[in-house]
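Here's the structure, in structure tokens; my notes come after.
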Protein chains: 2
Amino acid sequence: MNIKTLCLGILSFGDASGYEIKKQLEGPFRHFYDASFGSIYPALGKLTGENLVDCTELAQQGRPDKKVYSITPKGRLDLVQQLLERPSQDRIRSDFLVIMLFAELLPAAHIDELVGQRIEDYRSSLDELCSQGKDDTASAAFVHGFGCAVYGAALRYLEDNRHRIVGESLRAQAEVAE
Amino acid sequence: MNIKTLCLGILSFGDASGYEIKKQLEGPFRHFYDASFGSIYPALGKLTGENLVDCTELAQQGRPDKKVYSITPKGRLDLVQQLLERPSQDRIRSDFLVIMLFAELLPAAHIDELVGQRIEDYRSSLDELCSQGKDDTASAAFVHGFGCAVYGAALRYLEDNRHRIVGESLRAQAEVAE
DNA sequence: ACGGACATGTAACACGTTACATGATTAA
DNA sequence: TTAATCATGTAACGTGTTACATGTCCGT
């Protein structure tokens, strides 16, 4: 999923400026994808060049003109085409899991702290996702629910298995000390 | 987590060639990270240049010399340093979820098929992960278990909520047709 | 007085993938 | 004979991040 398609999709919900798109990407769905200004602005420029979006400049006092983008009919067609393509496999990107794989090389106390932090992270992400229950659309609710299900499972797993990895790590280090 | 650190970590388990590292990355943990030859070979070259690994060339008949890499003491230190750094946030990368967010733009039958495929994907990933229960180390078992927990949750969510998104999509399209 | 929100944009950089280049061996 | 496995490596390309550049308004 590239930024261009993402911007096009967001614009299919309504007109927005680059800045506003970024704000939307900082909402609850930031857990699934995000983008920086450095990618959004060039993406909007390219989309405009391809006539997939229109740009209206609004003069503002003391600020750069606000550029409001609207998706064009051609843009809607293109979006649908992009969305019909086979999605790539879902994947978990986790530095944490890589570190865990090499846990035996690290102090047990450090591992314990890491797991504790990750538990906190998942708990707060989950709280945030679950707390704002009502969604604009059924689609958003579906994606939302998916996030809650997965984060909840990760959280429960970490809580239930924390002792295992830390215990094992301590034991391995006791052996080395002998 | 960059490829250099990943290669160093794998070499901490035992000597290997670039080709063998790639094979290991195609094992059960490919769900959490992977790498192509185009990144592994340059990474090993850089690691050798920094004296973090040693390279022994084995002459072979009718093939390029096999280069077997060993982690050096300096490499082990460096690996631990890397692993002690704060891991970035875990994240789900899912084109599928993005498509679902825009489900109302697509034919209900297509959405249903997509969800069906994703269910199959998760089911086979889960089968694969769970079937090979025994792990070399407690760390590997922990990571393994995490994967099972998360994939299981995703699978159950999709199975339980498939009707919601497809039903909603059909209803929305019925409205448009009116 | 200071930081944060608003507002856009570019350039350098990092990091990785894909395709290309080469070529023997072995199993179906 | 065809494809897969073994084995390494480079170059082009894609894609996105970070840092830089600029400047006002508003709340504390």
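Throughout, protein chains are lettered first and strands after them, A, B, ... in sequence-line order, and every chain is numbered starting at 1. Since the model is a prediction, treat every value here as computed from it, not as a measurement.
Comparing D:dT10, C:dT8, D:dC6 against the side chain of A:Lys67 picks out C:dT8 as the nearest. Listed candidates were C:dT10, D:dA7, C:dT17. Nearest to the side chain of B:Lys66 is D:dA7. When each of D:dG16, D:dT8, C:dT17 is scored by its nearest atom to the side-chain atoms of A:Ile3, the top-ranked nucleotide is D:dG16. Side-chain proximity of B:Ser36 to the nucleotides C:dT17, D:dT8, C:dC6 is greatest for C:dT17. Distance from the side chain of A:Tyr19 is smallest to C:dA5 among C:dA5, D:dG16, D:dT10.
Look at CD on B:Glu57: it is 8 Å from P on D:dG9, rounded to the nearest Å. With rounding to whole Å, A:Ile40 atom CD1 is found 10 Å from C:dT8 atom P. The nearest whole Å value for the distance from the CD atom in A:Glu26 to the P atom in C:dG4 is 14 Å. For the pair A:Phe37 CZ and D:dT18 P, the interatomic distance rounds to 13 Å; values are reported in whole Å.
Stacking of A:Lys66 on the aromatic ring of A:Tyr19 is not recorded, the 6.0 Å distance cut-off and the 45° axial limit not both being met.
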Report the C-alpha separation of A:Leu101 and B:Phe29 in whole Å, then their side-chain angles, then the decisive distance to 0.1 Å, and conclude whether the side chain to side chain contact (heavy atoms under 4.5 Å, CB included) test is met. CA-CA 10 Å; A:Leu101 201 55; B:Phe29 296 114; 4.0 Å; yes
Does the pair A:Asp127 and A:Ser124 meet the rule for a side-chain hydrogen bond (donor to acceptor under 3.5 Å, both in side chains), with working shown? CA-CA 5 Å; A:Asp127 281 355; A:Ser124 66; over 6 Å; no
What verdict does the side-chain hydrogen bond (donor to acceptor under 3.5 Å, both in side chains) test give for B:Ser70 and B:Asp15, after you've listed the backbone C-alpha separation in whole Å, the side-chain angles of each residue and the deciding distance to 0.1 Å? CA-CA 5 Å; B:Ser70 303; B:Asp15 297 354; 2.9 Å; yes
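A residue-by-residue look at B:Lys23 and B:Tyr69 shows that B:Lys23 has its nearest nucleotide of DNA chain D further toward the 5' end.
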